[in-house]
Amino acid sequence: MLPEVFGVNAWVRSVADRLAAKGYPALAVPLFARTAPDLELAYKTSDLAQGRRHKEATTADQILADVAAALTWFQACHPQVAIHVVGFCFGGHAAFLAATLPGVEKVFDFYGAGLVQMRPGGGQPSLNLLPEVQAQLTCVFGTADPLIPIEDREAIREALRNADPAGQRLRFVEYAGADHGFMCEARSSFDPQASAQGWRLLLGEAPLV
């Protein structure tokens with residue numbers, strides 16, 4: 001599990017606990033361990049600014065190295081399980097990157113912003129890495145998300161469709177009226193209906209509708 005810019009905070013831990021309660025061993029990876037090993041922020045404006053400073057100091061290569069190390073540890077602890085990666089916000093963008101790693105079976109990118117414009121640390125936009133994605137990838141967005149406007153969503157939808165016309169491996173999901181952060185109960189943008197749909201999707205309990 002890859003967190004938002006707010007670090008491994010109470011909500012991130014609650015998601016890991018919820019997954020574990022469903023029988024899925026879960027590990028939250030601290031994406032900003034190099035600059036803030038114990039980053040744990042709330043959802044105030046000042047916290048967002050602090051989290052974004054650490055995000056800007058993070059590179060795609062670092063993210064991939066850290067996730068790969070976490071996968072190695074996780075597989076040693078649970079050698080029989082299939083590896084799924086889920087990320088939210090910046091963690092969603094990081095999850096998209098992680099979809100290029102060997103050994104990852106499924107990836108869920110919840111409202112990962114910036115895929116069309118940038119790559120952490122510089123370089124071509126992360127969406128350009130789509131040909132390297134071997135995992136089953138599901139990108140989930142809300143239509144009222146100001147950080148992922150319709151132009152970006154359509155670019156992502158088209159790229160996924162072009163790479164997988166059947167939509168069996170690369171999937172695009174959109175929830176009408178949902179804002180950025182709709183999965184998180186601690187945020188003002190929390191959307192109970194969209195969150196419930198997202199959880200059913202994540203746990204494989206509902207079709208893609």
Side-chain angles (χ1 to χ4, degrees), residues 1-33 36-44 47-48 51 63 66-99 101 103-113 135-142 145 169 171-175 177-209:
M1 177 182 168
L2 307 181
E4 309 156 305
V5 297
F6 305 97
V8 182
N9 61 11
W11 181 73
V12 169
R13 292 194 297 272
S14 77
V15 173
D17 288 342
R18 184 169 175 176
L19 290 170
K22 289 286 188 178
Y24 301 105
L27 172 67
V29 179
L31 293 177
F32 313 113
D38 302 312
L39 188 68
E40 181 174 347
L41 302 173
Y43 294 95
K44 299 180 294 186
D47 291 321
L48 176 59
I63 291 169
D66 290 349
V67 174
L71 295 180
T72 297
W73 179 88
F74 199 82
Q75 288 172 318
C77 295
H78 305 281
Q80 302 304 317
V81 303
I83 299 296
H84 296 183
V85 177
V86 56
F88 304 90
C89 189
F90 182 67
H93 191 138
F96 184 96
L97 297 173
L101 292 173
V104 176
E105 181 174 298
K106 294 184 180 180
V107 171
F108 294 87
D109 164 9
F110 280 89
Y111 39 86
Q136 181 185 90
L137 170 65
T138 304
C139 295
V140 188
F141 306 102
D145 188 339
R169 186 176 64 85
R171 310 184 299 182
F172 182 98
V173 180
E174 201 171 55
Y175 295 138
D179 200 347
H180 193 78
F182 67 80
M183 290 288 286
C184 178
E185 297 89 343
R187 302 183 73 158
S188 61
S189 56
F190 173 62
D191 185 317
Q193 182 176 357
S195 176
Q197 291 176 308
W199 271 103
R200 288 195 295 270
L201 180 67
L202 178 59
L203 296 174
E205 298 173 353
L208 291 172
V209 294

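- Once rounded to the nearest 0.5 Å, the distance linking CG of Leu39 with CD of Glu4 reads 11.0 Å.
- Ile83 approaches Gly103 most closely through the heavy-atom pair CB-O, 3.5 Å.
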- After noting the C-alpha distance and the side-chain angles of Phe190 and Tyr43, does the key distance pass the ring-ring contact (aromatic ring centres under 6.0 Å, His included) rule? CA-CA 12 Å; Phe190 173 62; Tyr43 294 95; over 10 Å; no
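- Going from atom NE2 of His78 over to atom OH of Tyr24 covers 14.5 Å, rounded to the nearest 0.5 Å.
- In this structure, Asn9 CG and Ser14 OG are separated by 8.0 Å, a value rounded to the nearest 0.5 Å.
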- Task: Apply ring-ring contact (aromatic ring centres under 6.0 Å, His included) to the pair Phe88 and Trp11, showing each step before the final yes or no.
- Result: CA-CA 11 Å; Phe88 304 90; Trp11 181 73; 5.0 Å; yes
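- Counting only heavy atoms from C-beta outward, the side chains of Val5 and Leu48 approach each other to under 4.5 Å.
- Between Phe32 and Phe90, the ring-plane angle classifies as parallel under the 30° and 60° cut-offs.
- Among Asp109, Leu202, Leu201, the single residue meeting the side chain to side chain contact (heavy atoms under 4.5 Å, CB included) criterion with Val140 is Leu201.
- Smallest separation of non-hydrogen atoms from Gly7 and Val12: O-CG2, 3.5 Å.
- Judged purely by atom type and a 3.5 angstrom limit, His180 has no side-chain atom pairing as donor or acceptor with the backbone of Asp145.
- Atom CD in Gln197 sits 10.5 Å away from atom CE in Met183 (nearest 0.5 Å).
- No donor-acceptor distance shorter than 3.5 angstrom exists from the side chain of Arg169 to the backbone of Leu137, with no hydrogens or angles considered.
- No donor-acceptor pair closer than 3.5 Å links the side chain of Arg187 to the backbone N or O of Phe182.
- Put simply, CZ on Phe110 and OH on Tyr175 are 6.5 Å apart, with the number rounded to the nearest 0.5 Å.
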- Task: Under the side-chain contact (heavy atoms from CB on, under 4.5 Å) rule, what do Gln136 and Glu105 come out as? Steps first, then yes or no, please.
- Result: CA-CA 6 Å; Gln136 181 185 90; Glu105 181 174 298; over 6 Å; no
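- Minimum interatomic distance between Ile63 and Ala94 (heavy atoms only, all atoms of both residues): CG2-CB, 3.7 Å.
- With a 6.0 Å cutoff to the six-membered ring centre and a 45° limit on the axis angle, Arg18 counts as a cation-pi contact of Trp199.
- Within a 6.0 Å radius of CD in Gln193, other residues, nucleotides and ligands contribute 12 heavy atoms or fewer.
- Closest approach of Leu19 to Ala26, counting heavy atoms only: CB-CB, 4.1 Å.
- Residue Val8 comes nearest to Pro30 through the heavy atom pair CG2-CA, 4.0 Å, listed as atom of the first residue, atom of the second, then distance.
- Here the straight-line distance linking atom CD of Glu40 with atom CZ of Phe6 works out to 13.0 Å at 0.5 Å rounding.
- Across Pro25 and Gly23, no two heavy atoms sit closer than the pair CD-O, 3.5 Å.
- With Thr138 contributing its side chain and Arg171 its backbone, the two residues share no donor-acceptor pair below 3.5 Å.
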